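This report refers to the structure that appears directly beneath it.
Everything numeric in this text was worked out from a predicted model, so none of it was measured. Atoms considered below: every heavy atom in the structure, side chains included; atoms not considered: hydrogens, waters and symmetry mates. A note on names: the letters A, B, ... follow the listed sequences, proteins ahead of strands, and every chain is numbered from 1.
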Amino acid sequence: MTNLSVTLQEGETIQVPASTSVGKALAGLQSNKQQKRTIAARVNGIVVDLSTALEEDAVISPIQIETEEGLTILRHSTAHVMAEAVKDIFGPGVKVAIGPAIENGFYYDFLRDEPFSPEDFDRIEKRMEEIVASGAPFVRTEVSSTTAIDAFAAEGEKYKLELIRDLAVKTVSLYKQGSFTDLCRGPHLPNTTFIKAFKLLRVAGAYWRGDEKNDVLQRIYGTAFFDKKDLKKYLDALEEAKKRDHRRLGKELELFTTQDQIGPGLILWQPKGAQLRRLIEDYWKDEHYRHDYELLYTPHIARQDLWKTSGHLDFYAENMYSPMDIDEVKYQLKPMNCPFHIGIYNSRKRSYREFPIRWCELGTVYRYERAGALHGLLRVRGFTQDDAHIFCRPEQLEDEIFNILDLNLHILKTFGFAEYDIYLSTRPEKYVGSDDHWQQATDALKQALEKKNLSYQLDPGEGVFYGPKIDIKIKDQLGRSWQCSTIQVDFNLPERFQVTYTGADNQEHQPIMIHRALMGSLERFVGVLIEHYAGVFPLWFAPVQARLLNITDDQADYCEEVYSQMRKAGVRIEKDLRNEKLNYKIREAQLAKIPYMLIVGDKEKEDRTVTVRLRDGKNLPAMTISDFIRKVQEECRAGRGIEER
RNA sequence: GCCACUUUAGCUCAGAUGGUAGAGCGGCGCUCUCGUAAAGCGCAGGCCAACGGUUCGAUUCCGUUAAGUGGCUCCA
């Protein structure tokens with residue numbers, strides 16, 4: 001028998017007979033303890049089961065269950081166990097589709113006439129426990145596609161048949177544990193005993209292969225971890241996310257609301273939310289002014305012809321609301337601001353000397369979103385973009401992109417977002433503009449990113465048809481990412497609206513146009529901010545900065561005085577002069593997440609001061625009104641990042 | 001839009017195999033005037049999402065519609 005040499009990634013080499021399983025080979029290379037945590041391995045770079053037989057010399061690195069990769073395998077295997085449980089309980093009439101591991105868990109799609117109910121979850125979980133306890137091994141077999149097709153056809157597993165046919169390969173691999181066999185590439189756990197902690201989370205509808213023309217399946221989501229502690233940690237994190245839900249906090253803190261009578265996806269900003277938004281807008285405008293932008297305002301509707309010219313009626317009609325008649329002419333609500341900005345550009349002839357032109361607007365747009373897509377502030381039908389359009393010459397593009405990135409990251413950072421995922425999307429299959437232009441623009445985007453020292457991922461073919469783009473996803477406090485910023489080069493609109501400028505050569509040229517939004521939409525950004533801060537906003541954009549609390553009615557007159565002085569000085573202050581106990585007032589202010597509580601009793605009234613209580617329960621020494629005003633102003637200045645510039 | 005689930009007082013939620021409903025918080029009133037996370041008592045709030053059907057009778061059963069939630073899909 002031939003001997004093979006097997007080398008552990010980190011060094012040690014042993015000789016084993018051919019056809020030795022990976023698991024066995026590893027047993028000779030690892031400690032017992034390590035061996036117990038090993039569930040799969042990378043052999044010559046390919047991830048395989050421990051049961052895989054070695055047929056050539058190999059470099060092996062074990063995959064431990066507690067690693068990211070191990071967790072994925074664990075979850076994938078748990079999905080198989082869930083499928084087995086479901087088939088056990090609900091019979092062969094239930095058809096299985098696919099069941100992959102996903103971020104934070106797994107799912108499996110089933111076809112079943114009856115809906116799954118939460119009570120079913122208990123039964124399924126119980127059956128899963130039994131399967132896990134049986135310790136059944138996950139057994140891999142390779143069979144010819146025709147054999148597999150026969151087998152799945154006999155069971156009526158039509159989705160599996162479709163998958164095999166589309167694979168169009170000679171042999172496929174099957175995994176069997178207990179009574180359940182699934183078409184699967186693997187790898188899987190050696191056996192079910194590695195499944196220590198799992199939970200089914202929810203059921204949702206999903207189309208077969210994500211296409212709404214196909215069958216609607218029931219998708220059961222679950223998660224699994226290698227021990228109970230981690231599962232609990234995850235479930236706790238879900239709880240925490242629930243607590244931070246901007247819809248809940250928006251209601252509790254009276255930031256925004258929606259009403260049936262007004263319509264879904266249409267946001268009503270309550271006074272506190274409006275204040276928050278105003279502070280963001282003011283800051284945004286200031287920063288744009290500093291960065292050499294000019295501010296625009298444009299209308300909410302325009303003649304339908306405009307949208308014909310812009311091409312929106314061709315490629316965006318399904319997101320636009322029906323036209324309205326005004327003096328027998330059709331008008332439509334705007335889904336984007338760009339044509340209006342172009343209108344301003346075209347209001348007179350432009351010279352290359354004016355470039356770059358940077359115009360920004362907090363422009364409110366309306367887009368039709370499918371009813372099922374609406375979600376709090378994050379997905380709405382009317383929203384305000386922090387939009388801007390830049391017109392420049394090709395050779396200015398890179399600098400402009402660099403400047404945008406600079407402003408973009410600066411603003412995000414000021415709001416407390418310091419981690420991003422950046423994507424560069426290149427030319428899709430269908431596009432307008434010349435290959436040269438695409439190449440130049442894409443290069444300019446790349447150069448700008450590199451000059452700014454930003455790492456990014458390439459999204460080949462994911463650009464919009466009119467130009468390449470950079471998308472920035474921000475990461476919040478809980479590590480979730482949100483798409484907000486987008487920077488897009490546009491070769492299309494300048495052409496359609498015949499946007500030109502007179503060059504140094506006295507000829508007419510077409511400028512490059514850049515669209516960009518940093519926060520994306522104010523609605524979404526505020527939603528993300530609420531969740532990021534859990535409603536505990538930094539002083540500089542807290543809708544209410546301070547609340548005055550008197551101890552008894554005796555200090556009411558002094559409090560009125562303090563209140564009006566502070567309000568005049570621009571401090572966002574409220575007064576709570578009700579005849580309630582101090583404890584009660586403090587509790588309410590605390591729940592309202594107000595940064596400073598100003599407590600006024602006889603002592604303070606006597607000394608003409610206030611005692612400052614912080615959100616964390618600590619007290620600052622009593623200070624005068626003007627000292628407090630100064631303190632607030634200084635902190636706000638620092639928060640807005642003024643000192644950095 | 002599609003699938004599933006949900007909709008009871010301002011908010012959070014109970015409730016009855018069909019006989020028109022309750023709690024806590026909040027609001028209002030009275031008493032208390034009180035120093036760092038909930039004082040006491042009382043009162044007022046509901047066409048039980050809307051509309052149709054079944055029924056002697058519907059908030060409860062059935063259907064339709066609307067809104068919400070979780071997904072699919074799409075995206076700021």
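Here B/U73 is the nucleotide among B/U73, B/C2, B/A67 with the atom lying nearest to any side-chain atom of A/Arg370. The side chain of A/Tyr221 sits closest to B/C72 out of B/C72, B/C2, B/C74. The side chain of A/His375 approaches B/G70 more closely than any other nucleotide in the set B/G70, B/C2, B/G68.
A cation-pi arrangement, defined by a distance under 6.0 Å to the six-membered ring centre and an angle within 45 degrees of its axis, is present between A/Arg112 and A/Phe116. Relative to the six-membered ring of A/Tyr423, A/Lys473 meets both conditions, a distance below 6.0 Å and an angle of at most 45° to the axis. Judged by a 6.0 Å distance limit and a 45° cone about the ring axis, A/Lys575 is positioned over the six-membered ring of A/Tyr563. Note that A/Arg277 lies in the cation-pi zone of A/Trp269, set by a 6.0 Å cut-off to the ring centre and a 45° limit from the axis.
Rounded to a whole Å, the CD atom of A/Gln555 is 14 Å from the P atom of B/U33. When rounded to the nearest whole Å, the span between CZ of A/Arg202 and P of B/U6 equals 17 Å. A/Ile487 has its CD1 atom 14 Å from the C1' atom of B/A76, to the nearest Å. The separation between A/Leu266 atom CG and B/G68 atom C1' is 15 Å, rounded to whole Å. Atoms CZ (A/Arg524) and P (B/C74) sit 15 Å apart, rounded to a whole Å. Distance A/Asp260 CG to B/U65 C1': 12 Å, rounded to the nearest Å. For A/Gln385 and B/C75, the CD to P distance is 14 Å, given to the nearest whole Å. Atom-to-atom, CD of A/Gln270 to P of B/G10 comes out at 15 Å; the value is rounded to the nearest Å.
For B/A67, the paired nucleotide is B/U6, the pair qualifying as Watson-Crick or G-U wobble because both relevant distances are below 3.5 Å. Pairing of B/C48, defined by two Watson-Crick or G-U wobble distances under 3.5 Å, is not identified with any nucleotide.
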- Test log, rule side chain to side chain contact (heavy atoms under 4.5 Å, CB included), inputs A/Phe525 and A/Ile411: CA-CA 12 Å; A/Phe525 195 69; A/Ile411 287 183; 5.6 Å; no
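To the nearest whole angstrom, the two P atoms, one in B/U64 and one in B/U73, are 27 Å apart. Between the P atoms of B/G35 and B/A44, the separation comes to 34 Å (whole Å). Comparing the P positions of B/A49 and B/C13 gives an interatomic distance of 15 Å, to the nearest angstrom. Spacing of C1' atoms, B/G40 relative to B/U7, comes out at 36 Å, to the nearest Å. Nucleotides B/G68 and B/C56 place their P atoms 38 Å apart, quoted to the nearest Å. When the P atom is used for both B/C5 and B/A9, the distance is 22 Å, rounded to whole Å. Using atom P as the reference point in both B/U20 and B/U6, the two lie 25 Å apart (nearest Å).
Residues A/Gln457 and A/Asp421 bring no donor and acceptor atom of their side chains to less than 3.5 Å of each other.
Across all strands, A/Ala517 comes closer than 4.0 Å to no nucleic acid atom at all (heavy-atom distances). A/Gly205 comes within contact range of at least one nucleobase, with a heavy-atom separation under 4.0 Å. Looking at heavy-atom distances under 4.0 Å, A/Val380 makes contact with a base.
Comparing A/Gln488 and A/Ala204 along RNA chain B, the residue whose closest nucleotide (by nearest heavy atom) sits nearer the 5' end is A/Ala204. The residue among A/Pro115 and A/Gln483 whose nearest nucleotide of RNA chain B lies closer to the 5′ end is A/Pro115.
A/Tyr466 and A/His515 have tilted rings, their planes meeting at an angle from 30° to 60° on a 0 to 90° scale.
Listed by first then second residue, pairs satisfying side-chain hydrogen bond (donor to acceptor under 3.5 Å, both in side chains) with a partner in residues 361-372 of chain A read A/Glu212-A/Arg370, A/Thr298-A/Glu361, A/Tyr316-A/Arg367, A/His341-A/Glu361, A/Thr364-A/Thr384, A/Glu369-A/Arg379, not counting sequence neighbours.
Annotation: proximity of residues 241-258 of chain A to RNA chain B (heavy atom, distance under 4.0 Å) is found for A/Arg247, A/Lys251, numbered in ascending order.
Taking side-chain N and O atoms only, A/Tyr368 has a distance below 4.0 Å to OP1 or OP2 of B/G1.
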- Task: Sugar-phosphate means primed atoms, P, OP1 and OP2; the rest is base. With that split, encode nucleotides 35-51 of chain B 5' to 3' as B, S or - using protein heavy atoms under 4.0 Å.
- Result: BBBBB------------
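Between the A/Arg75 side chain and the A/Ala224 main chain, a donor and an acceptor come within less than 3.5 Å of each other.
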